[in-house]
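In what follows, a single structure is set out as structure tokens and then discussed.
One-based numbering, in listed order, for ligands and for the atoms of each. Position 1 is the first residue of the sequence, and the numbers go up from there.
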Amino acid sequence: MPQESATPLAQSPHRRYNPLLRKWVLISPQRTQRPWLGEVNAPSGFSDLRHDPQCYLCPGNPRAGGHQTPKYDGVYVFDNDYPALLPQTTAVAEAASPLLQAEPELGRCKVICFHPDHNLTLPLMQLEDIRKVVDTWTEEFATLSADPNLGYIQIFENRGAMMGASNPHPHCQIWATQHVPDEPALETETQRDYLAEKKTCMLCDYLAVESKAKDRIVTENEHFVALVPWWAVWPFETLLLPKRHLGTMPGLTEAEKASLADILKQITTRYDNLFQTSFPYTMGFHQSPVDGSDHPEWHFHAHFYPPLLRSATVRKFMVGFELLGMPQRDITPESAAERLRAVPAPHFTLTGSR
Ligand code: H2U
Ligand code: ZN
């Protein structure tokens with residue numbers, strides 16, 4: 001048995017449990033006692049180009065398959081011209097073995113342009129314009145959830161080439177699927193089991209713990225909290241939680257929608273300011289499945305998974321031990337939250353640094 005001592009978590013290797021996904025993350029804070037090694041890159045990732053004639057998401061430009069993006073002036077939604085899922089199922093051949101299972105999967109794929117301006121990312125958008133995006137997400141969720149063929153709706157944004165985004169024009173995607181995908185299916189199971197056992201909501205309880213501890217909270221407003229979760233895998237991963245228990249975006253009040261727009265602007269601004277770059281990430285909303293069952297266990301939330309580690313160019317790779325064993329991180333979630341709290345709040349491009 002290895003010797004036990006009372007070394008604080010901030011100094012010794014340990015693992016932390018993620019109850020939403022029933023997974024562990026290895027934390028090795030002794031590798032970088034000080035998370036900040038002083039590397040600074042020139043401000044990057046921003047462009048002054050408001051309209052790119054080559055961009056298929058800019059108003060009035062041609063898209064694939066002979067489509068044209070109209071001259072929109074707010075938020076613009078269209079069916080993905082290269083959808084990963086199709087609205088009709090096609091039968092698949094019977095498996096030759098139970099070890100070779102396959103089943104059809106139908107779905108819908110949409111693209112949502114946040115704004116006509118090619119270079120206007122969420123942190124640079126006006127609050128009222130982000131609010132229009134929140135309203136569109138809510139309407140799209142409500143419409144798609146009425147389709148009896150669909151069981152789950154995933155809204156997500158891939159931002160930056162580092163995350164595989166094919167176009168810098170601010171946009172997100174919706175993939176709505178017949179089956180509930182693995183990650184939200186597991187979150188459904190863990191939240192359901194927690195509710196059955198404790199008679200309370202896991203994420204309501206978690207938020208109460210974090211609100212008391214305070215050291216992982218990055219920012220909050222009247223209705224939302226942004227925090228680096230206890231079990232964060234990515235260096236500056238955050239979780240956005242509504243303070244009230246609700247399962248889906250259509251359950252948000254008008255005031256909560258305004259608060260959601262505000263917390264999105266706050267967190268994405270802090271991200272950009274951290275390394276003075278257009279901070280890459282995958283973000284997405286996890287909402288209750290729309291599979292026809294009641295889901296009292298579900299607490300609506302958003303995950304931000306950003307890959308950057310120390311600067312605008314140095315990223316965390318999930319390779320080696322992480323790929324073969326379990327995720328690992330060096331800086332503690334508490335020091336990541338501290339870094340994100342410490343950055344100045346106004347966006348750096350708006351404060352004269354470029
Ligand atoms: P990403 O940048 O996150 O890859 O999203 C862009 C989406 O836009 C992508 O899914 C679609 C791609 O299929 N697209 C169109 O629908 N029409 C086009 O003309 C080009 C790209
Ligand atoms: Zn564009």
Side-chain angles (χ1 to χ4, degrees), residues 44-88 105-126 129-130 132-134 136-137 139-141 143-144 147 150 152-178 181 183-184 234 237 264 267-268 271-272 277-287 302-308 312 315 318 349:
S44 62
F46 291 92
S47 133
D48 291 328
L49 195 63
R50 287 186 65 191
H51 181 94
D52 179 352
Q54 304 302 321
C55 170
Y56 54 86
L57 300 179
C58 273
N61 288 352
R63 288 207 319 269
H67 296 103
Q68 183 163 20
T69 299
K71 291 192 170 151
Y72 62 99
D73 58 9
V75 180
Y76 172 57
V77 187
F78 65 95
D79 285 326
N80 198 313
D81 301 314
Y82 300 102
L85 297 139
L86 299 170
Q88 310 81 22
E105 179 74 9
L106 64 74
R108 298 278 309 272
C109 295
K110 294 186 156 196
V111 179
I112 302 178
C113 300
F114 294 161
H115 196 279
D117 284 9
H118 185 73
N119 60 349
L120 217 51
T121 53
L122 280 177
L124 294 170
M125 281 168 66
Q126 300 289 327
D129 289 335
I130 303 178
K132 287 182 196 155
V133 177
V134 172
T136 306
W137 287 333
E139 286 154 23
E140 287 297 325
F141 187 93
T143 310
L144 288 165
D147 183 338
L150 299 173
Y152 182 76
I153 298 157
Q154 184 61 59
I155 301 172
F156 64 96
E157 179 192 7
N158 284 332
R159 182 168 149 194
M162 198 180 267
M163 293 310 286
S166 59
N167 187 330
H169 195 114
H171 69 282
C172 73
Q173 297 192 45
I174 301 181
W175 291 21
T177 52
Q178 176 182 2
E183 201 97 342
W234 294 95
E237 175 177 334
L264 286 167
I267 193 69
T268 54
Y271 275 151
D272 277 11
T277 191
S278 189
F279 206 75
Y281 56 71
T282 279
M283 75 79 80
F285 296 100
H286 273 160
Q287 314 195 50
H303 298 280
F304 275 85
Y305 298 133
L308 291 181
R315 62 161 293 169
M318 289 292 169
T349 63

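Nearest protein heavy-atom neighbour of atom 10 (O) of ligand 1: Asn80 ND2, 2.8 Å. The protein atom (non-hydrogen) at minimum distance from atom 3 (O) of ligand 1 is Gln173 NE2, 2.9 Å. Protein heavy atom in closest approach to atom 17 (N) of ligand 1: Asp81 OD2, 2.7 Å.
Around the Zn ion (ligand 2), the protein N, O or S atoms closer than 2.8 Å are Cys55 SG, Cys58 SG, His118 ND1, His169 ND1, listed by chain and residue number.
Test Leu86, Leu150, Leu85, Thr177 against Leu106 for side-chain contact (heavy atoms from CB on, under 4.5 Å) and you get one pass: Leu150. Of the listed residues (Ile155, Val77, Val75), just one forms a side-chain contact (heavy atoms from CB on, under 4.5 Å) with Trp137, and that residue is Ile155.
The shortest N or O to N or O distance between Ser166 and ligand 1 is under 3.5 Å. Ligand 1 has no N or O atom lying under 3.5 Å from any N or O atom of Gly164, backbone or side chain.
For the 3.5 Å distance criterion, the side chains of Tyr281 and Glu157 qualify, holding a donor opposite an acceptor. For the 3.5 Å distance criterion, the side chains of Thr69 and Asn61 fail to qualify, holding no donor opposite an acceptor.
The heavy atom nearest to atom 20 (C) of ligand 1, considering only Phe156, Phe78, Tyr56, Trp175, is found in Tyr56.
The main-chain N or O of Phe285 is found under 3.5 Å from a side-chain atom of Gln154 such that the two form a donor-acceptor pair. The closest donor-acceptor contact from the side chain of Asn80 to the backbone of Val111 lies at 3.5 Å or more, if one exists at all.
Heavy-atom contacts of Asn167 reach the following atoms of ligand 1: 2 (O) (cutoff under 4.0 Å). Distances below 4.0 Å separate heavy atoms of Ala64 from the following atoms of ligand 1: 18 (C), 19 (O). Numbered from 1 in the order shown, with element, the atoms of ligand 1 that lie under 4.0 Å from a heavy atom of Ala165 read 2 (O).
Ring-plane geometry between Phe279 and Tyr271 is classed as parallel, the angle between the planes falling under 30 degrees on a 0 to 90 degree scale with a further cut at 60.
Taking the six-membered ring for Trp, His169 and His118 have ring centres closer than 6.0 Å.
The 12-atom threshold is not exceeded at CZ of Arg50, counting heavy atoms of other residues, nucleotides or ligands nearer than 6.0 Å.
Nearest heavy-atom pair, Gly160 versus Pro280, reported as atom, atom and distance to 0.1 Å: CA-CB, 4.4 Å.
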Item to complete: Determine, stepwise, if the pair Thr282 / Asn158 fulfils side-chain hydrogen bond (donor to acceptor under 3.5 Å, both in side chains).
Response: CA-CA 5 Å; Thr282 279; Asn158 284 332; 2.7 Å; yes

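The residue His67 has no part lying near ligand 1, judged by heavy-atom distances below 4.0 Å.
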